[in-house]
Amino acid sequence: MFRYTRLALLCSAALITTLSGCGPQNTTTEKAAEVKAVAPDSLSLWPELKSPLINNDTEQRVQQLLSAMTIEQKVAQLIQPDIRWMTVEDMRQYGFGSYLNGGGAYPNDNKNSTAADWVALAQAYYDAGVDATKDGSSIPPIWGTDAVHGHNNVIGATIFPHNIGLGAANNAELVEAIGKATATEVAATGINWIFAPTVAVARDDRWGRSYESYSEDPAIVKELGAALVKGIQGNPGSDFMQSGRLIATAKHYLGDGGTENGKDQGNTLSNEADLVRLHAQGYITSLNAGVQTVMASFNSWHGDKMHGNHYLLTTVLKERLGFDGLVVGDWNGHGQLPGCTNTSCAAAINAGVDILMAPEDGKALYTNTLAQAKAGEISAARLDDAVSRILRVKIRAGLFEKGNPAQSELAGKAELIGHADHQAIAAQAVRESLVLLKNNNQLLPLAPKQKVLVTGDGADNIGKQSGGWTLTWQGTGNVNADFPNGRSIYSGIQQQVEAAQGTVELSADGSYQQKPDVAIVVIGENPYAEFDGDIKTLDYQAGKNTDLELLKKLKADGIPVVTVFLTGRPLWVNPELNQSDAFVAAWLPGSAGQAVAEVLFKTAAGEVHYDFKGKLPFSWPKTADQTPLNQGESNYEPLFALGYGLTYQDNTTIANDLSEQINSAQSVSNDSLSLFERRPASGYSLILQDETAVVTVTGNKAKSADQSLNLAAVNWQKQEDALLLDWAANSKAKLVLQAAAPLDASGYGQLVVDMKWNAAPTAAVTLAQSCGSGCGGTLNLAELIGSKAAGQWHKVVIDLGCFAAKGAALNHLQQPFVLHSEAAYQLSISNIRLTPATATADLSCPAT
Ligand code: BGC
Ligand code: BGC
């Protein structure tokens, strides 16, 4: 079957023009399958590799262990739940082979868990996992975590720059040191498996995971990816898996950075030669470095989801590339295969996935997989192969010797979390990652002994400078106090300047007491992760120009401006560049924010402290619609090419008249207006408002100040794409979407929201639109809800005219969505939008 699919796309990609089987004459499946069998030798595009860790004793041990296992014990090795959905008793009952803590998952759901708390949980799962009194197998379980820029789910951990910054630094030795430091901090929490490096080669910067990619250039990715593997695992033949070294993962296999329009989990259309040349390079070097696990990707290749691609997972990766470690699936990635669900998917295992990541549904998936194995839908040979791989990795990682997690060498050593040595490595990484894009009149380096204004919403904001995958999955909801070992960019500037008797003023909006000699403006993208970071245009400010206004104001005041740009990708910033004398791409530097000042400022004695070293790992766009934009492609006309980056030796002037034109193709037009899609649209915030106080929702959980309304992000079609609202009886608290500036909704016809409930309401559930104090219209949805089936999602459509009839002035809505329940009630909602009046409304407007 897989062969059939592969040939079809080889034909369509016109790779093999001479192949007789390609073309319209080839109409029946049988015929195509036949041709498939004599398919051209595309495998020769791939190098032949061999694992550097093959060892006869290990293989014998694998066989011994395997031969003593029941089918139940074997299947349990294949299932990986998340700690939020697996109790210790579940582990004892099932003997799962591994488990994970996804982004923003901590022991006891406590963000402030200590190293001891993490180790205690590891020990509890371990004890339960090796307890063979139930069905368990006494094979130690492994715990995987997304330590993708340091041990980023752990409070106080050293947060390194995201990969994009490390690509700019392009220093393999440094990346290896980062890998080792990260592994040390992870080992201190009793965890043994790291889901990094990401070796994606991001080719369209609209992709929300561009910052997890070292570069658009596979040459950089292949070097740095392998370096991180060596840092985490140690080197085969020398310090492999020695003290503090853990299991690494090359992810996400294959082609995650090559999807159409940069869509996360999208479809990659490269031909096979490009797959090898661009997207596979990081795997080839990681395998040579001995990487023990590979994560399958959510993306498709020519329409086929990778989790089901036998050719790429088995024929290429395991056979041709000689990979003898294990393939882990991504978060419910198996559930996306045709014919599969999150709880049942023999196809992924048969294609070559050895461990299914099943965060919420591990138990049901176990039951179904066991039945499939017993029925032969998963062959005994395939099951044994998968389990052998898992055992091999566990043996190589020394799990059987290490025994109790709590007694392993580094476990519980809280002093290793955020250790000064690791912070020094992070600071070096930050300094080397900064790319100087513009430095007119050699404004930089700055003398520290002057009046410095520090402004912009990123100046004193460690959460913003760290980006996604930081303490929470999306990186949202963090405050500086969440980083006990972190420093903001502002704090570093203050330290440098004050030490030299200069003065510093910090202001959020650019106002100042004393006219400064220079302003440092720290602005940029707010945190996001995965698909939440996908964008449609590279235009940085798309629709809002607050940062630009700040720069213009300073410029108008005659103050020289240094812009420090925090970002997960190159963006179109011509207007901001024009208003800045100097402009630094700082990427997402992480917790060592102080290191930025070490490059921007001279020493008190007037010497250059550190020069700029960073070079662009991605091409920088000249227009907002330059997507994709990669060196080597036709019509390559970047503003700054791959590899660009000034130093203090350069005296280069960038004219201040870069085009600020946005042509119509670049502006994003929408027939409907999304107000909330997993998070509020830009210009809106989500608040919980009771009679006395307002709580702004920033992370994935919140409570109104009076505690009567609870909000939690929950999963519907994708992770955390819906909100579960839970009102206590007599709650006065409302869920409100607040507009920063009044919204003119008069051009739209309907308000649409997806909703789900588990029971009909017993009292009024109201939805209102407010246009300020005393202005607004409220509708009761109770009857509408009661008339539709409970327990499933409904698209609820309401004519805006109904709100208008009740008094809402549609042309200046301050709160376009206000939801409340009078009785105790639970409601899930998702995707709030305004649309033209095209659908049949669910509510006939109540009389005024
Ligand atoms: C991401 C992976 C990550 C996994 C576990 C997935 O959604 O794609 O990169 O390792 O979640 O958190
Ligand atoms: C979870 C994260 C996880 C992510 C993976 C989210 O729903 O809360 O922990 O890493 O999904 O995509």
Side-chain angles (χ1 to χ4, degrees), residues 80-86 98-107 109 111 142-149 151-154 162-163 182 186 191 193-200 202 207-213 225 228 232 247-257 259 263-266 282 293-299 305-307 327-336 342 353 355-362 467-477 527-534 678-679 699-701 712-724 830:
Q80 182 176 89
D82 179 288
I83 61 169
R84 285 166 289 186
W85 293 277
M86 177 188 62
S98 63
Y99 56 99
L100 86 153
N101 69 303
Y106 342 88
D109 215 6
K111 195 176 186 179
I142 26 173
W143 179 348
T145 195
D146 292 294
V148 298
H149 63 145
H151 199 2
N152 43 248
N153 288 301
V154 174
H162 268 299
N163 287 353
T182 301
V186 173
I191 299 176
W193 181 8
I194 294 178
F195 296 142
T198 295
V199 292
W207 187 33
R209 308 191 79 157
S210 295
Y211 65 81
E212 295 186 58
S213 169
L228 197 82
I232 294 173
I247 303 163
T249 307
K251 72 185 188 183
H252 312 81
Y253 183 88
L254 180 67
D256 52 351
T259 59
K263 194 172 157 9
D264 192 43
Q265 310 193 1
T293 79
V294 168
M295 190 182 289
S297 186
F298 280 122
N299 68 272
K305 283 275 170 190
M306 278 304 309
H307 279 66
V327 173
V328 59
D330 203 345
W331 190 278
N332 284 329
H334 56 275
Q336 297 187 5
N342 291 352
V353 177
I355 293 182
L356 300 175
M357 191 187 286
E360 299 128 316
D361 300 312
W469 296 107
T470 307
L471 294 174
T472 60
W473 174 40
Q474 292 291 323
T476 48
Y528 53 79
E530 301 190 45
F531 39 80
D532 240 0
D534 285 357
R678 292 192 292 269
R679 61 172 73 190
N700 55 3
K701 276 186 190 141
V714 291
N715 305 343
W716 172 30
Q717 291 167 319
K718 283 199 173 168
Q719 297 97 317
E720 300 193 354
D721 60 347
L723 300 174
L724 173 64
S830 183

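Owing to the predicted nature of the structure, the values given are computational and were not obtained by experimental measurement. One-based numbering, in listed order, for ligands and for the atoms of each. All heavy atoms count here, side chains included; hydrogens, waters and symmetry mates do not.
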- Ion pair check, Arg679 and Asp532, cut-off under 4.0 Å: yes
- Sequence neighbours left out, what passes side chain to side chain contact (heavy atoms under 4.5 Å, CB included) with Asp361? Give chain and number order. Asn342, Thr343
May I have a table of the N/O to N/O pairs between ligand 1 and the protein that fall below 3.5 Å, each row giving the two atom names and the distance to 0.1 Å?
residue  : atom   : partner : partner atom : Å
ligand 1 : 7 (O)  : Glu530  : OE1          : 3.0
ligand 1 : 7 (O)  : Glu530  : OE2          : 2.9
ligand 1 : 8 (O)  : Arg209  : NH1          : 2.7
ligand 1 : 8 (O)  : Asp330  : OD1          : 3.4
ligand 1 : 8 (O)  : Asp330  : OD2          : 2.6
ligand 1 : 9 (O)  : Arg209  : NH2          : 2.9
ligand 1 : 9 (O)  : Lys251  : NZ           : 2.9
ligand 1 : 9 (O)  : His252  : NE2          : 2.7
ligand 1 : 10 (O) : Asp146  : OD1          : 2.5
ligand 1 : 10 (O) : Lys251  : NZ           : 3.1
ligand 1 : 11 (O) : Asp330  : OD1          : 3.4
ligand 1 : 12 (O) : Asp146  : OD2          : 2.5

- Note on the structure: For Lys251, the salt bridge (Lys or Arg N to Asp or Glu O under 4.0 Å) test, sequence neighbours excluded, returns Asp146
- Do His334 and His307 make the cut of ring centroids closer than 6.0 angstrom? no
- Query: Stepwise, does the side-chain hydrogen bond (donor to acceptor under 3.5 Å, both in side chains) test hold for Asn332 with Gln719?
  - Reply: CA-CA 10 Å; Asn332 284 329; Gln719 297 97 317; over 6 Å; no
- Message: Give the atom numbers and elements of ligand 2 that come within less than 4.0 Å of a heavy atom of Asn715.
- Response: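 In order of numbering, the contacting atoms are 7 (O).
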- Message: The criterion is side chain to side chain donor-acceptor pair (under 3.5 Å); which residues satisfy it with Thr145, sequence neighbours excluded?
- Response: Asn101
